[in-house]
Amino acid sequence: MVRIEFLGPIQKEPLELQITNLNELAKILQDDKEMQEWLTNSAVAVNDTLICSSNHELKDGDKVSLLPPVCGG
Amino acid sequence: MVRIEFLGPIQKEPLELQITNLNELAKILQDDKEMQEWLTNSAVAVNDTLICSSNHELKDGDKVSLLPPVCGG
Amino acid sequence: MLYLYDGALNVPNILKDWYEQEEKNNYGAFIPFVGTVRSEDEIDGLSFDLYEPILKSWFKAWQKKAEKKSAIIKMAHSRGDVMLHESSYIAAVFSPKRRAALEFINEFVEDFKASAPIWKYDLRNGNRIYAIDRSTAIKGSGILGDKK
Amino acid sequence: MLYLYDGALNVPNILKDWYEQEEKNNYGAFIPFVGTVRSEDEIDGLSFDLYEPILKSWFKAWQKKAEKKSAIIKMAHSRGDVMLHESSYIAAVFSPKRRAALEFINEFVEDFKASAPIWKYDLRNGNRIYAIDRSTAIKGSGILGDKK
């Protein structure tokens with residue numbers, strides 16, 4: 001299982017999914033109307049490292065985090 | 001009379017001179033061997049305002065200051 | 001070092017501590033940047049969420065950059081609510097040289113704004129409203145978006 | 001405001017005073033630059049001469065520039081001797097906005113180094129030696145030099 005966490009202002013409970021790469025996650029989340037805008041403006045981290053390609057492979061126990069636009073300071 | 005002051009590291013007592021512009025001051029100071037390097041690298045203020053031309057006129061009571069290279073901080 | 005606090009920062013104390021930690025270490029320049037909550041758009045204050053694991057690795061990468069220039073960086077940030085005229089952020093560089101210090105604090109603060117995983121909310125009439133208009137998508141965002 | 005002190009600056013106190021003077025005045029960014037005497041070339045410390053009339057008018061011109069950007073500046077500097085690891089200089093900007101503050105402190109400190117009528121001496125074995133190699137001729141210097 002892969003755990004999906006939604007950070008900051010994304011008001012969504014974590015998911016546990018049986019997926020093997022980020023493209024599969026993209027398809028699942030794109031079906032959720034409330035997620036569509038977050039998907040276009042959020043960055044993705046796997047095990048707390050930012051990832052820049054949706055082809056990234058996932059394995060059992062991985063944690064995927066969605067990071068919406070930031071504004072520290 | 002015009003008073004000439006030498007600031008910071010220029011080790012020279014103030015002068016009182018009967019002059020009417022900075023060119024006259026330049027000629028007098030150029031005769032002083034110890035002043036020659038200071039003349040090439042010092043800025044000049046008249047009554048505490050920096051001046052950029054040696055044609056600047058002087059009148060009785062004016063104060064001329066020589067400011068050698070600076071390094072604050 | 002990275003310091004996270006609940007609520008507003010005690011700016012004089014933090015600056016004193018940091019100065020005293022480094023004053024004998026032969027840094028010629030110390031430049032803190034202090035961010036304070038401004039009264040604008042009728043907010044009562046701001047509130048912050050942080051994601052610590054990525055914040056810490058982001059900061060660690062900057063510590064390494066600083067080390068290469070013989071400099072060090074320190075940062076303090078608030079979690080939760082910070083009211084008007086209170087401070088939520090301090091970043092500081094200590095460097096042997098002035099020029100390098102000025103450049104470094106500039107780059108550090110700009111990247112902080114663009115990349116540090118911190119989310120800002122306006123506090124307004126008891127509500128906590130995500131400040132999306134002032135927020136910046138992290139580089140590489142959108143890889144899960146619809147490609148059609 | 002311009003503050004001149006005999007000997008080293010008490011950096012924590014000055015930063016605390018300045019912060020508290022302005023904390024309710026709605027400046028989003030406060031950036032001090034602190035200059036500390038480094039141990040190098042076996043000096044025992046530094047010493048400073050200031051020429052106050054022109055220092056004050058130079059500072060006043062920068063206050064006006066700051067005002068045009070809705071910012072304010074403060075500066076503290078030592079007169080006389082400042083020993084190793086003591087601080088001799090603080091410049092600070094308070095500005096509504098981050099970007100303007102970072103640019104302003106940069107320009108201000110660079111012009112300070114090039115123009116402020118302050119002379120620096122190395123203290124070495126009881127001697128006070130003018131630091132001519134690190135000094136900068138003020139813009140417009142040399143008008144009394146030999147034109148031949």
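Everything numeric in this text was worked out from a predicted model, so none of it was measured. Below, chains carry the letters A, B, ... as their sequence lines are ordered, and counting in each starts from 1.
Looking at A:Glu5, the atoms closer than 4.5 Å to chain C (heavy atoms on both sides) all sit in the side chain, from C-beta outward. The parts of C:Thr136 that come within reach of chain A are both its backbone and its side chain, each placing non-hydrogen atoms under 4.5 angstrom from that chain. Residue contact with chain C, scored on non-hydrogen atoms closer than 4.5 Å, involves the side chain of A:Leu50 exclusively. Using a 4.5 Å cut-off between heavy atoms, C:Ser115 contacts chain A through its backbone alone, with no side-chain atom that close. Interface remark: C:Ala114 contributes backbone atoms only to the contact with chain A (heavy atom separation under 4.5 Å).
With chain A as partner, the option from C:Gly140, C:Ser78, C:Pro117, C:Ala137 having the largest number of non-hydrogen pairs under 4.5 angstrom is C:Ala137. Among C:Ile143, C:Val109, C:Asp49, C:Val34, the residue with the largest count of heavy-atom pairs under 4.5 Å with chain A is C:Ile143. Most heavy-atom pairs under 4.5 Å with chain C, from the set A:Glu37, A:Gln36, A:Gln30: that is A:Gln30.
Separating the CD1 atom in C:Ile54 from the CG atom in A:Leu67 is a distance of 4.5 Å, to the nearest 0.5 Å.
In this structure, the side chain of C:Lys113 engages the main chain of A:Gly72 through a donor-acceptor pair within 3.5 Å. Of the possible polar contacts, one joining the C:Ser88 side chain to the A:Gly73 backbone as a donor-acceptor pair under 3.5 Å is found.
In this structure, A:Phe6 has its ring center at least 6.0 angstrom away from the ring center of C:Trp119.
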